[in-house]
Amino acid sequence: MADKEYDDIPGTFVFDADRSREGYNLNQFCISLRLQVNRDAFNADENAYLDAYPMTAEQREAVVKRDWNLLLELGGNIYYTAKFAANEGINFQNLAGKMTGMGVEAYREMMLNGGRPIDGNRTKSEWKED
Amino acid sequence: MARVTAGVGCSHVPAIGAAMDTGITQEPYWKPIFEGFKKSREWMKDQKPDVIFLVYNDHCTAFDASCIPTFALGCAAEFKPADEGWGPRPVPVVKNHQKLASHIAQSLILDEFDLTIMNEMEVDHGLTVPLSVMYGDVGQDEDWPALVIPLCVNVVQYPPPTGNRCYNLGKAVRRAIDTFDEDLNVMIFGTGGMSHQLQYKRAGLINKEWDTKFLDLMTKDPVAASQITHLEYLRETGSEGIEMVMWLIMRGALDEDVTEIYRHYHVPASNTAVGHIILENKV
């Protein structure tokens, strides 16, 4: 597949059609947790609940491990995974604290100080990533 | 005839709604955000719009990954606030001006904007938070002071419609409203943004300089704003900053020459730069 023009933005997944296709069952699982009746069923018997969503073994393991970054790497989208995180008692800001590896307190402090600056965060070369 | 009098640009951060719903707006973290809407609430009381055409994005609430319309117009009689995972917001049911909504749907489709028509739909924070910040607390058993026509835009799965397409859609919405034979004061809200990234290792990105330039262009040069590329939004304003294409629908529905009445900008609300602007058509 040809390189995509947005692939050199660091620390970012652009949720395009390819990712949407790859993550479809994972994302549909996550969004099902919007409803209390489904949260109750998931919380009561996680394995049985996950059997209804034919995701890959890798995706399922990322769900079981609550590996928030791996979920995104495997086609998850933040608006979907955030519903899963909410079921774990994690809000958007604290989820960001985890995904960035900064921790909740340091992340909150960065936001209070104006957020992550754009300078140095435009391209992968600035992050020394491929 | 119906007339478009003004446009409002406004972020729709869910935590802002939660702060109102839990009564913590006077806490130091939230106070400067809500202070910035004081003047806007007074202005809304003076203007008394009959109808608000409200452009927002659904956050996997009415639409999950199984169905992703690029533009979906709310034509139902009313729209209930949705349960987004923590119970519905304690705000009124949103009531439509159904006749105007169906007139707009018909006009837009004949104008070659092929919309999805929603005759049943729940609405999420993307729609209710802008109403809350602009009107203040409105009890669940009261009515919103205006009727609301929702327009959902896909900005979750890439690519959203281009800024240029949104700007031209705004112009078509204006043509539709201008030909509706009822004396109505109509406002357009464009919501979402400003710079923010919610996901992965670059989460927390804020670009105040870019946001300020965007607000300037909203007032002075909307055509230039309509030409901003998706790549620029993604890189410069964060992966979720691309929501700002929705402001261009609002801007397209206004005259080219507008008066900037007010603006407000604050960092942070949760992960996001809160931006707000009020633009009036010249009489």
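All of these numbers come straight from a predicted model, not from anything done at the bench. Lettering of chains follows the sequences in order, A, B, ..., and the numbering in each one begins at 1.
In this structure, CH2 in W144(B) is found 3.5 Å from OG in S132(B), a value given to the nearest 0.5 Å. Atom CD of Q197(B) sits about 12.0 Å away from atom CG of N207(B), to the nearest 0.5 Å. Rounding to the nearest 0.5 Å gives a distance of 3.5 Å between CG of D211(B) and OG of S195(B).
Interface remark: of the candidates Q93(A), R19(A), M102(A), R34(A), R34(A) forms the most heavy-atom pairs closer than 4.5 Å to chain B. No other option in A86(A), G114(A), S32(A), A82(A) has as many heavy-atom pairs under 4.5 Å with chain B as G114(A). In terms of non-hydrogen atom pairs under 4.5 Å with chain A, the most contact-rich of I242(B), I68(B), V267(B), L205(B) is L205(B). Of the residues considered (E240(B), H196(B), H266(B), K208(B)), E240(B) shows the highest number of contacts with chain A, using heavy-atom pairs under 4.5 Å. For the set I118(A), T100(A), T123(A), the entry with the most heavy-atom pairs within less than 4.5 Å of chain B is I118(A). With chain B as partner, the option from R39(A), M110(A), K98(A) having the largest number of non-hydrogen pairs under 4.5 angstrom is R39(A).
If you measure heavy-atom distances from S66(B) to chain A, the contacts under 4.5 Å come from both the backbone and the side chain. For E236(B), the parts lying under 4.5 angstrom from a heavy atom of chain A are both the backbone and the side chain. Contact annotation for N121(A): both backbone and side-chain heavy atoms come within less than 4.5 Å of a heavy atom of chain B. Residue E5(A) touches chain B through both its backbone and its side chain, counting heavy-atom pairs closer than 4.5 Å. With a 4.5 Å cut-off on non-hydrogen atoms, W68(A) does not touch chain B at all. Only the backbone of P117(A) comes within contact range of chain B, with heavy atoms under 4.5 Å apart. T61(B) touches chain A through backbone and side chain together, each having a heavy atom under 4.5 Å away. Looking at I31(A), only its side chain comes within 4.5 Å of chain B, counting heavy atoms on both sides.
In the displayed structure, E35(B) atom CD is contacted under 6.0 Å by more than 12 heavy atoms of other residues, nucleotides or ligands.
Comment: D8(A) engages R235(B) in a salt bridge, judged by a side-chain N to carboxylate O separation of less than 4.0 angstrom. By the 4.0 Å N-to-carboxylate-O rule, R66(A) lies close enough to E46(A) to be salt-bridged with it. Of the charged side-chain nitrogens involved, none lies within less than 4.0 Å of a carboxylate oxygen, so that E105(A) and R108(A) do not count as a salt-bridged pair. For D221(B) and K213(B), the salt-bridge test fails: no basic side-chain N is under 4.0 Å from an acidic carboxylate O.
The minimum heavy-atom distance between C60(B) and Y79(A), with the atom names listed, is SG-CB, 3.6 Å.
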